[in-house]
Amino acid sequence: MLGLAKYIVSFSLIIFFINSSVASDRKFNLGQIATKEEITGWDIDVRPDGLGAPIGSGTALIGEEIYTEQCAACHGDFGEGADRWPALVGGEGSLASHDPEKTTGSYWPYASTIYDYIYRAMPYGVAQSLSYDETYEIVAYLLYMNDIIEEDFVLSNTNIGQIEMPNRDGFLLPDPRPDIINTQGNPCMKNCQVSTKIIGRARDIDVTPEDDNS
Amino acid sequence: MKKNNKNELSKLKNRNRRELLIGASSVGAVSLAPKNLLSQEANPENLPPNLPEWTQYLGDGVDVNPYGIPSEFEGHVIRRNVEWLTASAESSVNFTPLQDLEGIVTPNGLCFERHHGGVSVINPQDFRLMINGLVDREMIFTLDDLKRFPQTNKFYFLECAANGGMEWRGAQLNGCQYTFGMVHNVQYTGVKLSDILLETGLKDKAKWVLAEGSDSSGMTRSIPIEKILDDCIIAWAMNGEALRPEQGYPARLVVPGWEGNMWVKWIRRLEFGDKPYMTREETSKYTDLLASGKARMFTWVMDAKSVITSPCPEKPILSKGLHQLRGLAWSGRGKIKRVDVSIDGGKNWKTAQLHSPVLSKSLTRFTLPFEWNGEELKLQSRAIDETNYVQPTIDELQKIRGVNSIYHNNSIATWLISKNGKVDNVRLG
């Protein structure tokens, strides 16, 4: 018995060295072990607590320059949004109004998300072209424009998880649906009390595209 | 080269023949406006007792279209977009022409598109799926690796959470396609994520997965581990063929019953962690703002919904007498149990016939015969799913959620049939 156990141990050790993983744990033996280098290249996300934030720092002062160069054409000099491109600044106090304006300042609950998103997706069409420092600088500029930090505040990987965003408590969890009056699968079938008056027609609003090449 | 010339020649020949017969305007991919369908008329020379051209002369041989395309007379069956909705076509959406489809399968080329950074073009040899974070082994899989796992084949609907989003405040867009068309239903072939995880192992602390796309928007969403282990798939095929580029070729995530944005296309990475990642898509977008100014977050399930696909604004009633009302119903919580139809704006309801297959988290087809004698009708449909959830009215939704939610409008729509047979999207109240 003892001999057999020893045999099994040394056998799996051999497999371990061949595959550089414990092959016996793997059901199908498909795929490759990822190297540190491969993971570092692709693992770019940053979590609210700052986990994943790459080493770097920047201030709004420098951020303004890069923003003007690389972002303002679409998002406006002051983040107000040019044409139909999204606004990034403003909208404070508008969320409960008829026309809420959701921006990084008025709506986004975490500063980490601004860093994560800009680094991965902006400038639009040239993704992942900013350096870590440039990204911190631009995020600092947006936070400054939204009156969340001072102009000379040094934003970095060590404090991005601690920035207090104005709408941090603006979100409700968990999902309360189904949230409508529960008729338990037996809704009214006959002579139901509903208003059937027409109060609006899409035709009158007239925003429906028309096929014009016929 | 030679073969192409031959194709061109035979196309030209056919074209000339057809132009003679039906006039130049019907040739090619010309899209017909719904209004023109009303005036489409038959050519008497093709009707009995006459012999049509196609009965006398040879048609095209094989291979004129090595990959077949729909009949030229179906040129109006296309995806359409609403240009004023978005600033750029690379971050935009178009809509499935539900009004022209039958059964429950959406043809691949008609599945609506939603991109945030355009369509990535990826050689399948260059595809890699990385799995990292709280797993026993951080690993990388090629497409070929994925295809060697046990396979799964499942029909699922995919609906954008913003489907019907323009209709919160009132009837805005006059079409079935524009108000309900951000949904499609295909059969996916792929590998269950729970099987892939047998290979990587999973640490006890892993509670969330970050799914990340390789497109230029780096699409990212957090998904709870229970859902990943329950029924999520990495799919490489739809309706029997490779995914279309615009649907994530060569591989995408399938998250059955949950909002389309989570079904990350061009998938490149799954990171396992102990907390949600709070990406831009699940904070700035895909959160449901209530009248109070607070917003619901992580509202993943697509609640039960239905739509009458004919008649509808694009499908007016052309004659009196018997018609088959057709529609689709679906629920992210399971199977559709029943669909009721009203012709008087919701006062009285009749139960429609469901057509098999009735599958969980899949579009389900319903029909109901009805007589039309030129009177005004207010058509509505109401889905009930196997959890006994009843599709709500817009009133019921607005009372609880206000009008600024954008997402998750699964309310009952009303199609007004006028005395001339035209159909309009209207709001009752």
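Naming: A, B, ... by sequence-line order, numbering from 1 per chain.
Heavy atoms of A:Lys197 lying under 4.5 Å from chain B belong to its backbone as well as its side chain. For A:Gln128, the part lying under 4.5 angstrom from a heavy atom of chain B is the side chain only. Interface remark: A:Tyr110 contributes side-chain atoms only to the contact with chain B (heavy atom separation under 4.5 Å). Heavy-atom distances place no part of A:Asp83 under 4.5 Å from chain B, backbone and side chain included. For chain B, the nearby part of A:Ser97 is the backbone; its heavy atoms alone come within less than 4.5 Å. Within the 4.5 angstrom heavy-atom criterion, only side-chain atoms of A:Tyr117, from C-beta onward, approach chain B. Within the 4.5 angstrom heavy-atom criterion, atoms from both the backbone and the side chain of A:Trp85 approach chain B. Using a 4.5 Å cut-off between heavy atoms, A:Pro86 does not touch chain B at all. Proximity to chain B is limited to the side chain of A:Ile205, based on heavy atoms less than 4.5 angstrom apart. Contact of A:Leu51 with chain B is not made at all, since no heavy-atom distance falls under 4.5 Å.
The candidate with the highest count of non-hydrogen atom pairs below 4.5 Å against chain A, out of B:Glu281, B:Glu138, B:Met219, B:Arg333, is B:Glu138. Between chain B and the residues A:Gln32, A:Met122, A:Arg201, the largest count of heavy-atom pairs under 4.5 Å involves A:Gln32. Most heavy-atom pairs under 4.5 Å with chain A, from the set B:Lys378, B:Glu396, B:Lys275: that is B:Lys275. Taking chain B as the reference chain and counting heavy-atom pairs below 4.5 Å, the highest number among A:Ala121, A:Ala127, A:Gly200 is found for A:Gly200. Of the residues considered (A:Leu173, A:Val46, A:Asp99, A:Asp206), A:Leu173 shows the highest number of contacts with chain B, using heavy-atom pairs under 4.5 Å. Note on A:Gly125, A:Pro176, A:Ser112: by heavy-atom pairs under 4.5 Å with chain B, the leading option is A:Pro176. When each of B:Ile384, B:Ile131, B:Thr299 is checked for heavy-atom pairs under 4.5 Å with chain A, B:Thr299 comes out on top. Heavy-atom pairs under 4.5 Å with chain A peak, among B:Asp385, B:Asp303, B:Val403, at B:Asp303. With chain A as the partner, the residue from B:Leu290, B:Asn404, B:Val82 showing the most heavy-atom pairs under 4.5 Å is B:Asn404. Counting heavy-atom pairs under 4.5 Å between each of A:Val207, A:Thr35, A:Asp43, A:Asp116 and chain B puts A:Asp43 at the top. For the options B:Ala171, B:Gly345, B:Ser214, heavy-atom pairs under 4.5 Å to chain A are most numerous at B:Ala171. Most heavy-atom pairs under 4.5 Å with chain B, from the set A:Lys190, A:His98, A:Arg177: that is A:Arg177.
Of all heavy-atom pairs spanning A:Pro209 and B:Leu173, the tightest one is CD-CD2, 4.3 Å. Among all heavy-atom pairs drawn from B:Pro276 and A:Pro48, the shortest one is O-CD, 4.1 Å. Closest approach of A:Gly31 and B:Met139 over heavy atoms only: C-CE, 3.7 Å. Listed here is the closest heavy atom pair of A:Ser195 and B:Leu428: O-CB, 3.8 Å. Minimum interatomic distance between A:Ile198 and B:Val426 (heavy atoms only, all atoms of both residues): CG2-CB, 4.1 Å. Residues A:Lys102 and B:Thr287 approach most closely at NZ-O, 4.4 Å, considering heavy atoms.
No side-chain donor-acceptor contact under 3.5 Å links A:Arg47 to the backbone of B:Gly273. In this structure, the side chain of A:Thr208 engages the main chain of B:Asn174 through a donor-acceptor pair within 3.5 Å. Checking side-chain atoms of B:Glu199 against main-chain N and O of A:Leu30 turns up a donor-acceptor pair under 3.5 Å. In this structure a side-chain-to-backbone donor-acceptor pair under 3.5 Å is present from A:Arg84 to B:Trp84. Looking at B:Lys294, its side chain does come within 3.5 Å of a backbone N or O of A:Asp169 through a donor-acceptor pair. Under the 3.5 Å distance criterion, the side-chain polar atoms of B:Asn348 are matched with a main-chain donor or acceptor of A:Asn191. Judged by distance alone, the side chain of B:Asn388 and the main-chain N or O of A:Asn186 form no donor-acceptor pair under 3.5 Å.
Considering only heavy atoms from C-beta on, B:Thr351 comes within 4.5 Å of A:Met189 through its side chain. Two residues are said to be in side-chain contact when any heavy atoms from C-beta on lie closer than 4.5 Å; A:Glu38 and B:Arg128 fail this criterion. Between A:Pro109 and B:Met278, the closest side-chain pair of non-hydrogen atoms is not below 4.5 Å. Residues A:Pro187 and B:Asp340 form a side-chain contact, since some pair of their non-hydrogen atoms from C-beta on lies under 4.5 Å apart. In this structure the side chain of B:Asp395 never reaches within 4.5 angstrom of the side chain of A:Val194, judged on heavy atoms. Residues A:Trp42 and B:Asn132 form no side-chain contact, since every pair of their non-hydrogen atoms from C-beta on lies 4.5 Å or further apart. Two residues are said to be in side-chain contact when any heavy atoms from C-beta on lie closer than 4.5 Å; A:Asp175 and B:Trp300 fail this criterion.
To the nearest 0.5 Å, the span separating CG on B:Asp424 from CG on A:Asp204 amounts to 8.0 Å. To the nearest 0.5 Å, atom CD1 of residue A:Ile114 and atom OG of residue B:Ser284 are 9.5 Å apart. How far CZ of B:Phe298 is from CG of A:Leu172: 12.5 Å, rounded to the nearest 0.5 Å. Note that the CD1 atom of A:Ile199 and the OG1 atom of B:Thr414 stand 9.5 Å from one another [nearest 0.5 Å]. One finds the NZ atom of A:Lys27 at 6.5 Å from the CG atom of B:Asp195 (value rounded to the nearest 0.5 Å).
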Given A:Arg120 and B:Thr279, is the side chain to side chain contact (heavy atoms under 4.5 Å, CB included) satisfied, shown in steps?
CA-CA 11 Å; A:Arg120 74 170 55 247; B:Thr279 70; over 6 Å; no

Test side chain to side chain contact (heavy atoms under 4.5 Å, CB included) applied to A:Ile39 and B:Met130, step by step:
CA-CA 8 Å; A:Ile39 293 170; B:Met130 177 183 286; 4.0 Å; yes

For B:Trp349 and A:Cys192: C-alpha separation, side-chain torsions, deciding distance, then whether side chain to side chain contact (heavy atoms under 4.5 Å, CB included) applies.
CA-CA 9 Å; B:Trp349 297 83; A:Cys192 311; 4.0 Å; yes

Could you walk me through whether B:Tyr389 and A:Ile180 pass side chain to side chain contact (heavy atoms under 4.5 Å, CB included), step by step?
CA-CA 9 Å; B:Tyr389 175 93; A:Ile180 49 146; 4.1 Å; yes

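Using modelled atom types and a 3.5 Å distance limit, the side chains of A:Tyr124 and B:Ser91 yield no donor-acceptor pair. Checking A:Trp108 against B:Thr283 by side-chain atom types alone, no donor-acceptor pair falls below 3.5 Å.
Within a 6.0 Å radius of CD in B:Gln398, more than 12 heavy atoms belonging to other residues, nucleotides or ligands are found.
Just one residue in the list B:Lys399, B:Arg296, B:His408 forms a side-chain hydrogen bond (donor to acceptor under 3.5 Å, both in side chains) with A:Asp179, and that residue is B:Arg296.
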